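Structure below; questions to follow.
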Amino acid sequence: MAEDLELRGYQEEVVERALRGENVIIWLPTGSGKTRAAVYVAKKHLETTRGAKVVVLVNKVHLVAQLYTKEFEPYLGHGYTLVPVSGDSKEKDFFGPVLKDSDVVICTAQILYNAMTNMEETKHVELSDITLLIIDECHNTHKESVYNKVMACYVEKKLERELPLPQILGLTASPGTGGAKNLEKAVDHVLEICANLDSAIVSTKNCVSELKQKVPRPVKQFDIVDKRLEDPLGDHLKRMMEMIHEYMNIPPDFNLRKCGTQEYEADVVILEQNGVKQNNRLLAQCALHLRQYNDALLINDTLRMMDAYRSLNEFYKNKSTTAIDGTDYFLAGLFQENQVELKKLAGDSRYENPKMGMLETTLLTQFGPSVKSKGILFSKTRKSIYCLKDWVLDNKALQEAGVKAAILTGAGNGNTHMTQQKQADTIRDFRDDKVNLLISTSVAEEGLDIPECNLVVRYGLLTNEIAQLQASGRARAKESRYSVVADKGGKEVRRELTNECLEKLSIEAIAKVQQMSTPEFRTKIAKLQKEAVCLRKLTEAGKREKRGRNTAASVKLLCRNCLKVVACGSDIKLLDDMHYVNVNPDFERHYTVGGEVNINKSFEDWEPGRTINCSTCNQDWGFEMKYKKRAVLPNVAIKKLAVETPLHGRMTVKKWKDVPFTVEDFSLEKYCQDNYPDMFD
């Protein structure tokens with residue numbers, strides 16, 4: 001039997017215009033029940049709209065099951081057909097019929113976009129097939145996001161008067177300011193989000209006191225520590241970095257910024273790219289190693305000294321590439337000569353990071369043997385949260401206080417990712433008090449159904465005002481605390497204070513937009529939408545022109561590590577509009593194969609095979625794909641390669657879609673003709 005669906009006063013207020021069929025963005029804080037309000041709108045829409053089809057879009061895979069199980073199914077499952085569709089489910093391959101046979105579909109935005117752009121009958125859907133489109137965390141509808149690709153199709157159809165189109169319902173805790181620092185620009189950003197979603201933004205006006213009572217803000221505190229007076233480990237790492245600087249002969253017009261900062265990391269990334277472009281392997285390899293030393297400095301500043309040492313030690317221990325010239329021998333030798341001294345310095349407790357002591361104190365203010373507490377500790381990287389969990393387990397005081405920690409990271413297939421099931425198990429253990437401290441990356445800031453906490457700690461984090469607001473929204477228990485552990489005068493404190501100002505600026509900007517008359521608002525939105533369509537067309541034309549400058553056969557592909565030419569652009573084909581594979585049988589002589597790749601899900605037409613590495617330097621390139629159980633196709637990551645064109649020389653790109661040539665679609669028939677000509681005699 002379906003559960004009764006009742007709304008609080010502020011929820012009833014924000015859904016009024018949506019119930020009249022208008023496109024709206026519901027703006028309510030984290031934990032206030034935005035999704036419950038959306039379920040109510042969906043229910044009324046299904047009851048009153050002939051042939052209703054509701055699609056709920058999320059931006060993270062794990063939210064599909066969560067919204068289905070926790071929100072939509074309990075209230076709509078009794079009278080309607082609901083289907084959750086994610087990349088792991090077979091329904092994605094028959095999205096057209098699934099939508100036709102369902103009342104409500106909950107899926108990632110990528111799955112809907114794939115269905116909109118795939119013309120196969122069993123997969124294709126049109127926006128006109130949907131009557132209500134609900135977009136969770138809709139502040140992500142900007143730039144090149146998948147949300148914005150879906151809505152770009154919507155806006156173009158609207159401007160061309162291709163009707164019908166679905167009603168839009170967006171949900172957000174904050175649209176942010178988009179990097180704006182003044183009210184005028186912040187208003188422009190809010191208007192842009194509204195234009196992208198073709199929606200007005202609504203919030204409670206008459207029930208503010210009820211909202212504040214139901215969703216209390218935590219008490220914010222800055223737990224500040226003085227910087228360590230002496231840092232022998234950091235000083236030794238910097239001396240080693242200086243030796244690399246001298247060896248690599250940095251160009252005189254290139255100024256590296258301060259070691260141990262994000263700015264320095266950005267600089268050495270550029271140096272590596274320049275080394276590849278200039279065929280200067282010495283510069284490229286030294287820059288890659290300097291990034292690892294800089295990572296160790298950042299870890300030394302945030303975590304334990306031994307964590308910093310282990311990070312660098314693991315890099316050299318696990319480095320799979322073969323030494324092929326003097327640069328490799330110099331870099332490996334430098335670490336080996338200093339390894340014993342680095343380990344000794346890392347183990348000297350006199351110079352331990354004072355932030356760890358402050359973090360311990362902060363946790364102990366809320367945790368104790370007879371105190372029932374729940375907390376989330378946010379840190380920047382997966383590496384750092386694993387180190388923090390080890391620290392909690394090794395910390396006698398925290399163990400005596402009853403701290404039971406678990407890690408929560410994003411879903412995926414890497415060694416440090418979690419499966420969706422593991423995520424769900426961890427959150428269930430947190431709810432059942434088997435775990436009382438989640439140590440998490442940003443995955444816990446947005447969307448996940450995590451129980452109320454009385455402590456949220458942000459540790460070594462620099463994020464924007466939206467992430468900060470979402471993190472603080474996790475501390476929803478009465479008299480909860482939101483702590484920022486940071487160095488005195490450090491960047492974290494400055495960023496937190498800046499974000500507080502940006503949050504206020506965002507609120508002011510929303511108020512300005514809401515105060516606009518309907519004709520003024522619509523005029524501004526229409527202007528922004530037309531400009532966005534023109535800009536997208538110009539951008540796409542520019543990309544086509546760029547790809548058209550080079551024939552695929554004229555482009556060389558090189559191993560990014562040893563800079564050896566291993567393929568040409570015409571060898572690469574696009575398989576299923578997703579995978580870039582090398583179809584040239586001669587490519588085999590350029591790589592060696594390793595162990596089988598394990599991916600914890602199955603795919604329609606392919607399965608992973610063995611890893612592939614450069615036969616010259618052993619750089620990992622990707623893996624073989626077994627397509628249709630017969631064709632073995634090397635799937636190479638473009639970030640492991642360099643691209644060389646006749647016109648513009650050598651370059652690096654992050655994604656295959658950015659290569660300066662046109663990649664043809666894969667044809668199984670042509671592949672068989674080229675690779676097995678005897679079959680076609």
Side-chain angles (χ1 to χ4, degrees), residues 30-31 58-63 65-66 70 137 140 173 218 220 223 298-299 302-304 307 355-356 359-360 362-363 366-367 373-393 395 398 403-477 480-486 492 495-496 499:
T30 300
V58 297
N59 63 332
K60 293 177 181 173
V61 174
H62 57 261
L63 297 179
Q66 179 180 297
K70 298 284 185 182
E137 309 291 356
N140 293 299
K220 186 169 187 174
D223 293 319
L298 290 169
I299 293 169
T302 309
L303 303 163
R304 296 171 295 185
D307 294 322
K355 272 194 253 187
M356 300 300 289
L359 178 58
E360 178 186 318
T362 301
L363 292 172
Q366 295 294 101
F367 288 93
S373 289
K374 272 187 167 68
I376 304 180
L377 171 55
F378 286 106
S379 194
K380 184 181 178 184
T381 64
R382 291 189 179 93
K383 185 184 289 185
S384 66
I385 66 172
Y386 277 88
C387 291
L388 284 167
K389 186 189 175 187
D390 288 342
W391 169 74
V392 169
L393 293 175
N395 188 294
L398 294 177
V403 176
K404 295 170 287 189
I407 281 168
L408 185 66
T409 70
N413 297 300
N415 292 334
T416 57
H417 289 76
M418 299 179 83
T419 62
Q420 285 178 255
Q421 185 58 52
K422 181 62 177 172
Q423 276 187 341
D425 291 345
T426 300
I427 293 170
R428 187 187 64 244
D429 288 345
F430 190 58
R431 185 175 287 109
D432 295 342
D433 296 327
K434 293 176 184 176
V435 167
N436 56 17
L437 179 67
L438 290 179
I439 305 176
S440 180
T441 52
S442 59
V443 67
E445 287 173 350
E446 184 175 277
L448 273 177
D449 180 31
I450 294 171
E452 292 181 353
C453 300
N454 58 313
L455 176 66
V456 166
V457 182
R458 281 165 67 80
Y459 188 73
L461 273 178
L462 295 170
T463 58
N464 63 21
E465 70 278 12
I466 297 175
Q468 179 174 316
L469 188 65
Q470 289 171 327
S472 68
R474 290 299 176 192
R476 298 198 294 269
S480 55
R481 292 193 172 275
Y482 172 84
S483 165
V484 179
V485 177
E492 296 95 338
R495 181 64 63 86
E496 286 282 331
N499 285 343

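Any value given below was found using the heavy atoms of this structure, including those in side chains, with hydrogens, waters and symmetry copies removed. These numbers were taken from a predicted model, which means no experiment stands behind them. One-based numbering along the sequence shown.
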Atom CG of L388 and atom CG of N395: how far apart are they, to the nearest 0.5 Å?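 Going from the CG atom of L388 to the CG atom of N395 covers 11.5 Å.
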
Measuring from atom CE of M356 to atom CG of L303, what distance do you get when rounded to the nearest 0.5 angstrom?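 If we round to the nearest 0.5 Å, M356:CE and L303:CG are 5.5 Å apart.
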
If I take atom OG from residue S440 and atom CZ from residue R382, how far apart are they, to the nearest 0.5 angstrom?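 The distance works out to 10.0 Å.
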
So do C453 and F430 actually touch side chain to side chain, heavy atoms under 4.5 Å?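 Of all side-chain heavy-atom pairs linking C453 with F430, at least one is under 4.5 Å.
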
Might you point out which heavy atoms bring K355 and V485 nearest each other, and give the distance in Å?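 The answer is O-CG1, 4.0 Å.
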
Quick one: closest heavy-atom pair of K404 and V435, and the distance?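 The pair with the smallest heavy-atom distance is O-CG1, 3.3 Å.
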
Can you tell if the side chain of I376 reaches within under 4.5 Å of the side chain of V457, non-hydrogen atoms only?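 Side-chain contact under 4.5 Å: no.
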
What is the distance from atom CZ of F367 to atom NZ of K374, rounded to the nearest 0.5 Å?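 Going from the CZ atom of F367 to the NZ atom of K374 covers 9.5 Å.
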
Quick one, T426 and I407 - any side-chain contact, counting heavy atoms below 4.5 Å?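 Heavy-atom side-chain distance check fails, nothing below 4.5 Å.
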
Measure the shortest side-chain to side-chain distance between D390 and R304 over non-hydrogen atoms and say whether it is less than 4.5 angstrom.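 D390 reaches R304 side chain to side chain.
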
Are any non-hydrogen side-chain atoms of Q423 and L408 less than 4.5 angstrom apart?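 They are in side-chain contact.
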
Nearest heavy-atom neighbours spanning G460 and T302: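 Heavy-atom minimum between the residues: CA-CG2, 4.3 Å.
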
Does any non-hydrogen side-chain atom of Y459 lie less than 4.5 Å from one of L377?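 Result yes, sub-4.5 Å side-chain heavy-atom pair found.
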
Close side-chain approach of L437 to L363, heavy-atom, < 4.5 Å: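 In contact.
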
Close side-chain approach of V456 and F378, heavy atoms under 4.5 Å: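 SC-SC contact between V456 and F378 confirmed.
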
Whether S373 side chain and Q366 backbone form a donor-acceptor pair below 3.5 Å: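 Pair found, side chain donor or acceptor close to backbone of Q366.
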
Looking at R458 and E492, is any side-chain nitrogen of the basic one under 4.0 Å from a carboxylate oxygen of the acidic one?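 Salt bridge: no.
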
Which distance, rounded to the nearest 0.5 Å, do you find between the CG of L393 and the CG of L398?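 Nearest 0.5 Å value for the CG-CG distance: 10.0 Å.
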
Check this for me, if you would: do D425 and K422 make a salt bridge, where the nitrogen-to-carboxylate-oxygen distance has to be below 4.0 angstrom?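 So D425 does not pair with K422 through a salt bridge.
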
Going through the checks in order, is the side chain to side chain contact (heavy atoms under 4.5 Å, CB included) test met by K434 and R428? CA-CA 9 Å; K434 293 176 184 176; R428 187 187 64 244; 5.7 Å; no

For the pair R495 and V484, evaluate side chain to side chain contact (heavy atoms under 4.5 Å, CB included) and give the outcome as yes or no after the intermediate values. CA-CA 11 Å; R495 181 64 63 86; V484 179; over 6 Å; no

K60 bridged to E137 by N-O distance under 4.0 Å: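 Salt bridge absent between K60 and E137.
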
Please report the shortest heavy-atom distance between L359 and W391, naming the atom on each side.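 Nearest heavy atoms, L359 then W391: CD2-CZ3, 3.5 Å.
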
